[in-house]
Amino acid sequence: MFIESVELKNYRNYEDLSLNFTSDKVLLIGKNAQGKTNLLESLYYTSSLHSNRAKSDSELILWGKDFTRIKTVINKNDLEKELEIIINPPKRKELKVNGVKKNKSSEFCTNLSIVSFSVNDLLLLRGVPDDRRDWLDMAISQIYPAYSDRVLKYNKIRIQKNNYLKEIKGNIHADTSLLDVFNTQLSVCGSNIILLRLKFLKEMQKKAMEKHLQIAQEEILTTSYNSTICGDIDFSGEQNFTAEDIVQQFENKLSEKKLEEIIRGQSIAGPHRDDVSFFINGIEAKKFASQGQQRTIVLSFKLAELELIKEKIQDTPVLLLDDVLAELDKIRQNYLLNAIGPNTQTIITSVDTLHFDKEYLKDVEIFKISEGKLVL
Ligand SMILES: Nc1ncnc2c1ncn2[C@@H]1O[C@H](COP(=O)(O)OP(=O)(O)OP(=O)(O)O)[C@@H](O)[C@H]1O
Ligand SMILES: [Mg+2]
């Protein structure tokens with residue numbers, strides 16, 4: 001998969017930008033605060049309809065303007081597709097593929113696949129459980145497109161349940177028949193989410209462990225899924241959870257927690273409360289890993305993600321690397337650049353070209369960005 005061009009109108013600090021990419025290796029060079037990350041963000045947004053750093057879509061619009069447009073042309077199996085997004089609040093955002101409107105986000109998001117690695121991704125280890133769930137949700141929906149619909153549905157029911165719990169908060173004699181209906185619906189929908197997360201993490205752990213061993217010899221990377229429904233699950237042996245098993249455990253857990261939920265007025269168990277832990281040689285990375293080790297874990301997971309998506313979609317996602325080379329020592333930098341297979345379009349941002357070895361710079365296409373404009 002290849003991004004051939006991008007056009008931005010009123011996107012962040014870009015009033016009008018038009019770029020054509022002709023190489024697999026692209027470098028965006030510019031001083032701090034010129035718009036390098038903004039440009040990568042617009043591509044990431046096109047793949048997922050979600051920004052990896054904005055809380056709301058209106059943040060993406062150039063200050064003082066009322067809309068923004070991102071238009072990209074991608075090439076997938078020799079077929080060109082034009083993807084267009086118009087954000088114009090409070091209207092619903094407009095999505096078009098080859099000029100045809102799409103109403104469902106999931107239909108739009110299947111077009112462009114991106115794996116992105118930035119300093120922000122270190123939140124995978126250093127952040128709060130919410131950050132890790134966001135990562136899981138984003139990564140899994142790239143591989144199983146139906147996943148995001150399930151998350152949306154689960155959250156919709158959960159919000160209804162929460163509203164009801166707030167109404168009856170503290171009233172242990174309240175009629176709970178409506179709560180039982182919500183719990184049954186959540187058990188069915190939520191267990192699907194858990195099942196896909198387990199499947200994803202199992203595959204990722206295998207690949208990430210291999211990548212990690214190549215960069216950091218003798219350091220074994222493992223993962224566990226910390227479920228508020230099924231407990232802590234590691235991926236060392238064969239575990240064969242079925243959807244029915246999880247639905248059953250889900251229903252049991254929600255009945256067990258029912259009284260506590262009424263007293264607290266909120267839903268306290270389910271995939272929206274689950275977390276993931278990472279270990280190096282059995283020791284929890286969040287608490288004990290050094291900065292370099294943490295980066296290496298995230299890097300291994302990104303490379304694993306790239307490989308997994310490649311297998312699932314039978315195509316190579318575009319790789320975005322935002323300022324991460326400067327953060328890695330030479331050995332890890334070279335490993336990263338070499339580990340990116342051929343035919344992987346890679347767009348890298350950096351303040352200069354000093355970090356790249358000559359071999360890599362040979363067939364690279366370089367764009368200089370300054371104050372939201374291309375410098376020719
Ligand atoms: N909605 C917006 N409208 C106008 N300008 C914005 C908007 N959002 C962000 N900016 C500005 O865009 C500028 C460039 O940001 P960006 O993060 O892309 O820089 P960068 O080139 O990646 O810099 P660095 O090398 O420091 O990472 C910032 O100075 C920021 O103030
Ligand atoms: Mg930046």
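We count ligands from 1, going down the list as the structure has it; atoms in each ligand are counted the same way. Computed from heavy atoms alone, side chains included, the values below leave out hydrogens, waters and symmetry copies.
- We find that K25 and D363 are joined by a salt bridge, their nearest charged nitrogen and carboxylate oxygen being less than 4.0 Å apart.
- Here the two rings, on Y45 and Y11, have centers that are 6.0 Å apart or farther.
- Of the protein's heavy atoms, A33 CB, 3.6 Å lies nearest to atom 29 (O) of ligand 1.
- Residue contacts to the Mg ion (ligand 2): N38 brings no N, O or S atom closer than 2.8 Å.
- The shortest contact between atom 16 (P) of ligand 1 and any protein heavy atom is with N38 OD1, 3.7 Å.
- Using a 4.0 Å cutoff on heavy atoms, R53 counts as a contact of ligand 1.
- Contact atoms of ligand 1 toward L62: 3 (N), 4 (C) (distance under 4.0 Å to a heavy atom of the residue).
- Counting only heavy atoms of the protein, atom 22 (O) of ligand 1 lies nearest to T37 OG1, 2.7 Å.
- Nearest protein heavy-atom contact of atom 8 (N) of ligand 1 is R12 CD, 3.2 Å.
- Annotation for Q294 and A289: closest pair NE2-O, 3.4 Å, computed over non-hydrogen atoms.
- Side chain of Q34 to backbone of E371: a donor-acceptor contact under 3.5 angstrom is found.
- At least one heavy atom of K31 sits less than 4.0 Å from an atom of ligand 1.
- For E59, every heavy-atom contact with ligand 1 shorter than 4.0 Å involves the backbone, none the side chain.
- Between V351 and ligand 1, a contact under 3.5 Å exists for no N or O pair.
- For F200 and Y144, the ring centers are positioned 6.0 Å apart or more.
- S224 and D232 share no donor-acceptor pair across their side chains, judged by distance under 3.5 Å alone.
- Side-chain N/O atoms of T223 and Q205 include a donor and acceptor closer than 3.5 Å.
- When non-hydrogen atoms are compared, ligand 1 lies under 4.0 Å from neither the backbone nor the side chain of I369.
- A salt bridge links D16 with K9: the distance from a Lys NZ or Arg NE/NH1/NH2 to an Asp or Glu carboxylate oxygen falls below 4.0 Å.
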